[in-house]
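Some notes on the structure that comes next.
Since the model is a prediction, treat every value here as computed from it, not as a measurement. In what follows, chains carry the letters A, B, and so on, assigned in the order in which the sequence lines appear, proteins first and then strands, with residues in each chain numbered from 1.
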Number of protein chains: 2
Amino acid sequence: MDPIPDFQPLYKQVYDVLVRRIAEGQWQPGQVLPSEHALAAELHVSQGTVRKALDTLAAENLVQRHQGKGTYVAEHTQEHSLFRFFRLARPNTDGDRITPESTDARCKRRVATAAEAARLHLPKGATVVEIKRVRLVDGKRAVSEKAVVPLKLFPEIDHQDALPNTLYSLYQSVYGVNIVLAKEELSAVLANQSDEKELGIEPGSPVLRIERIALSINGERAELRTSRCDTRHIVYAIDVS
Amino acid sequence: MDPIPDFQPLYKQVYDVLVRRIAEGQWQPGQVLPSEHALAAELHVSQGTVRKALDTLAAENLVQRHQGKGTYVAEHTQEHSLFRFFRLARPNTDGDRITPESTDARCKRRVATAAEAARLHLPKGATVVEIKRVRLVDGKRAVSEKAVVPLKLFPEIDHQDALPNTLYSLYQSVYGVNIVLAKEELSAVLANQSDEKELGIEPGSPVLRIERIALSINGERAELRTSRCDTRHIVYAIDVS
DNA sequence: AAGTGGTCTAGACCACCAA
DNA sequence: TGGTGGTCTAGACCACTTA
């Protein structure tokens, strides 16, 4: 036999099937998957092969495994999602993260700028919703946040009555959009007029600017978020290995 | 039988043995390890168990595996090490990294400041070596870097005649200190006098400050590095999942 | 006690590399 | 051609959870 040209290991094929099912919502976030043996029987592979696929999913935070209980589709709960993508911490604490409070959000529906459309891979003139809010640390304003999302992915999101502290749980629970990866770019800039107003800092102060593209399980570019941080009392902390 | 109180899975014990041997230099960077079967026979476990330990080491970048060839102790070569810990990129390029050139380094032997001693877990009054250099991107000064290392870990490092572009390859090849993890804290600050001189930027310009603690395979705090970046043309890029 | 994930084994075969 | 890592299987037993 000639080798099959686009050969894929069995466990990879199983992995792909499981990802598709989760993406399509066949198993909802928080729900339990069938057991390893059940999946193995259904897909006609051995339990060890299913295991390898599930372990990969767990390593990517798509599922959570609990000995004795089962394998669950990962849920963007408040605390969980917060600590996964929110990387601000107090200095010199070896990465002990902060729980930020957030003020009321302000929504605006408008046409995407050229730059936003490019970053979000949207057609020119697409409608987006802009969600602005300020986050507090220890009761003080520390981060001004602007999230821009395609209206098409999140219809009527600007008419949600209460936006949660972590938008990603809303994306997931209401719109079935599962954020699994964020690409961030950090730079230092000077405070602009909006920063002075939102954060109450002096003109000319340094501001840490974080631009994030959030990617969904389907590879969609679901959100463009720009955070501007007053880093006098907090830092962006990350381990690189 | 009662359960053993501090039970460790076999593969974890194998993993620990292998880490210790690599840390002790029994297998040097770039050298090949014994095959899975050979290790399994020596340690009296199955090949699958060795495999799991080796896969874990590979996931942590401690070894590199090559089908048909063998398993090699990871080496901090120039390009490799550079792209692993150097996270600067051009904006909007989805993380395509930059290869920075570096100017001649200046070394100074001195006593650690209180802050440095605290961050490096050194006793008060310990001697350190400070290594300063400027990195260029596209021929322009972009990053001013200050590395502080304990003299005890790196004797006579200030008398090395040529410091490589990536210090970590020197730490590994000359001193046997293997950097495996870096903890970074980022903040935005204003340019100080030194920045003006080193980077040629205006006073009052925003500067991205990166403070990094580099940890060795033994858990030693091997280096405290402070980088100050002019982020007008480059950004710090990272994926968080 | 039953069911789940976690560990461990032994052995087969495949894909890749070097001599 | 022989040796290496990569895949896959089947089955045993352990540890943990829930009923």
For the pair made of [atom1] in [X] and [atom2] in [N], what is the distance, rounded to whole Å?
X     : N      : atom1 : atom2 : value
A:Y15 : D:dG6  : OH    : C1'   : 19 Å
B:Q67 : D:dG3  : CD    : P     : 17 Å
B:H44 : C:dT9  : NE2   : C1'   : 16 Å
B:L33 : D:dG3  : CG    : P     : 19 Å
A:H37 : D:dT9  : NE2   : P     : 12 Å
A:E36 : D:dA10 : CD    : P     : 15 Å
B:Y11 : D:dA15 : OH    : P     : 14 Å
B:R51 : D:dG6  : CZ    : C1'   : 5 Å

Would you say a side-chain N or O of [X] is under 4.0 Å from OP1 or OP2 of [N]?
X     : N      : answer
B:T71 : D:dG5  : yes
A:K52 : D:dC8  : no
A:R65 : C:dT4  : no
A:T49 : D:dT7  : no
A:K69 : D:dT18 : yes

How many angstroms lie between OH in B:Y236 and CG in B:L208, if you round to the nearest 0.5 Å?
8.5 Å

Between A:Y15 and A:Q8, is there a side-chain donor-acceptor contact under 3.5 Å, judged purely by atom types and distance?
no

B:R133 and B:T103: side chain donor to acceptor below 3.5 Å
no

Report the nucleotide, chosen from [options], that has the shortest atom-to-atom distance to any side-chain atom of [X].
X     : options              : result
A:D55 : C:dG6, D:dG5, C:dT9  : C:dG6
B:S46 : C:dT9, C:dG6, C:dA15 : C:dT9
B:P9  : C:dT7, D:dT7, C:dG6  : C:dT7
B:L10 : C:dT9, D:dG6, C:dG6  : C:dT9

Below 30° counts as parallel, above 60° as perpendicular, anything between as tilted: where do the rings of B:Y175 and B:F154 land?
perpendicular

Determine the contact category for A:H66: base if any of its heavy atoms lies under 4.0 Å from a base atom, sugar-phosphate if only primed atoms, P, OP1 or OP2 are that close, otherwise nothing.
sugar-phosphate

Could you pick out which residue, B:Q47 or A:Q47, lies toward the 5' side of DNA chain D when each is mapped onto its nearest nucleotide?
B:Q47

Heavy-atom side-chain contact between A:I179 and A:Q172 under 4.5 Å
no

